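Here's the structure, in structure tokens; my notes come after.
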Amino acid sequence: MPELPEVETIANGLRQGGFGCPSILNRRIEGVRLFWERTLATPSPEEFHRRVIGQTITAVGRRGKYLLLTLMPDSLIFHLRMSGDLILEPVDAPIPLHHRLLLDLQGGIRLAFNDTRKFGRAWLVLDPGQVLNGLGPEPFDPVLTPVVFHDNLLRSHRQLKPLLLNQAFLAGLGNIYTDEALFLARLHPLTSSRDLSPLQAEVLLASIRQVLQEGIQHHGASIDWVYRGGDFQNHFRVYQRTGQPCQICSTPVQRTVVGQRATHYCPNCQNNPQKV
DNA sequence: ACGAGCGCCTGTCGGC
DNA sequence: TGCCGACAGGCGCTCG
């Protein structure tokens with residue numbers, strides 16, 4: 001589920017508190033409960049337990065789709081994958097079925113990693129780079145200018161859809177926001193990245209930033225049972241709108257599969273490069 | 001260097 | 001009603 005806007009929303013909530021929950025900042029970790037061992041990518045459960053207890057959460061951050069808790073001296077990093085979520089609740093609340101890891105915090109609250117599908121992972125590391133080093137640029141990083149982005153596109157020479165999903169190319173996009181960005185930019189998902197003009201690259205970068213910004217403003221998207229709060233799902237232009245009219249030209253939105261991922265686009269507004 | 005296929009998991013939905 | 005396959009926001013691995 002969670003792409004950049006959803007992770008950003010969760011990070012903001014943990015940092016600032018809200019929805020009846022306090023902030024987790026400056027709270028000491030007093031206890032650990034692990035219910036699914038594979039949730040912990042590293043270190044071993046025994047070492048995790050020994051190292052993490054007593055450390056204090058000094059910052060909450062995000063890099064791509066990763067959520068970072070800065071402790072002292074370690075960093076605790078989460079990837080939510082398809083169904084993960086981080087929830088604050090009273091330390092003695094009943095434990096729901098899909099809770100995988102609990103951190104009991106100072107002040108009678110606990111941070112729960114809930115993950116129905118068990119794909120999510122947590123890392124406790126001294127150097128966050130150990131986990132994050134392979135990531136591409138942050139979409140909002142000012143260093144990522146249209147010229148740099150265009151250069152990167154030319155160097156890759158792949159179809160836009162799988163390229164934008166590649167976290168080593170750009171960190172944070174998932175299936176929803178990629179489809180939305182390509183629609184906004186009026187680019188077909190199969191377009192080869194090396195065919196983009198400087199102007200098209202600039203428009204694509206602006207479109208990516210726009211859909212991510214909209215997602216953040218709407219507190220992310222809530223689909224199915226997984227997400228509380230966000231309502232960006234009510235503002236999708238193409239994602240999961242198969243057969244419904246394109247908001248620009250009324251042509252039915254089409255669904256296809258690209259790189260084994262469902263892909264939604266307007267066959268009229270987003271020209272198929274293979275037909276040109 | 002790339003894409004396809006698969007594994008990791010659980011839950012929901014539609015068709016028969 | 002019940003069973004069965006397809007599908008779901010992700011990503012790492014192997015293989016050709």
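Keep in mind that what you see is a predicted model, and the values were worked out from it rather than measured. Computation of the quantities below employed the complete heavy-atom set of this structure, encompassing side-chain atoms and omitting hydrogens, waters and symmetry-equivalent molecules. Throughout, a chain's letter reflects where its sequence line sits, starting with A, and its residues are numbered from 1.
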- Item | Any A:Tyr239 side-chain nitrogen or oxygen under 4.0 Å from OP1 or OP2 of C:dG9 |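 Looking at the OP1 and OP2 atoms of C:dG9, one of them is under 4.0 Å from a side-chain N or O of A:Tyr239.
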- Side-chain N or O of A:Arg81 less than 4.0 angstrom from OP1 or OP2 on B:dC8?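 No, outside the criterion.
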How far, in whole Å, is [M] from [N] if one measures between their [atom1] atoms?
{"N": "C:dC7", "M": "B:dG5", "atom1": "P", "value": "14 Å"}
{"N": "B:dA1", "M": "C:dG10", "atom1": "P", "value": "25 Å"}
{"N": "B:dC2", "M": "C:dG9", "atom1": "P", "value": "23 Å"}

- Item | Per A:Trp36 side chain, nearest of listed nucleotides B:dC9, C:dG9, C:dG10 |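 Nearest to the side chain of A:Trp36 among the choices is B:dC9.
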- Query: B:dG11, C:dG9, B:dG3: which one has an atom nearest the side-chain heavy atoms of A:Met82?
  - Reply: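 Side chain of A:Met82 sits closest to C:dG9.
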- Query: Any N or O donor-acceptor pair linking the side chain of A:Arg158 to the base of B:dA1 at under 3.5 Å?
  - Reply: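 Between B:dA1 and A:Arg158, which were checked side chain against base, a qualifying N/O pair under 3.5 Å is absent.
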- Any chance the side chains of A:Gln213 and A:His218 put a donor and an acceptor closer than 3.5 Å?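 Their side chains do not contain a donor-acceptor pair, so the 3.5 Å distance test is not met.
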- Message: So, applying ring-ring contact (aromatic ring centres under 6.0 Å, His included) with A:Tyr177, which one of A:Phe236, A:Phe232, A:Phe183, A:Tyr239 is it?
- Response: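 When ring-ring contact (aromatic ring centres under 6.0 Å, His included) is applied between A:Tyr177 and each of A:Phe236, A:Phe232, A:Phe183, A:Tyr239, only A:Phe232 qualifies.
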- Name the stems with DNA chain C in them: runs of three or more consecutive Watson-Crick or G-U pairs, distances under 3.5 Å?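 The stems that DNA chain C takes part in, listed by first number, are B:2-8 with C:10-16, B:10-16 with C:2-8.
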- Has A:Phe119 got its ring stacked on the base of B:dC9, with centres under 5.5 Å and planes less than 30° apart?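 Per 5.5 Å and 30° rule: no stacking.
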- Message: Counting the atoms with a prime plus P, OP1 and OP2 as sugar-phosphate, which does A:Arg155 contact under 4.0 Å by heavy atoms, base, sugar-phosphate, or nothing?
- Response: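 Nothing, no heavy atom under 4.0 Å.
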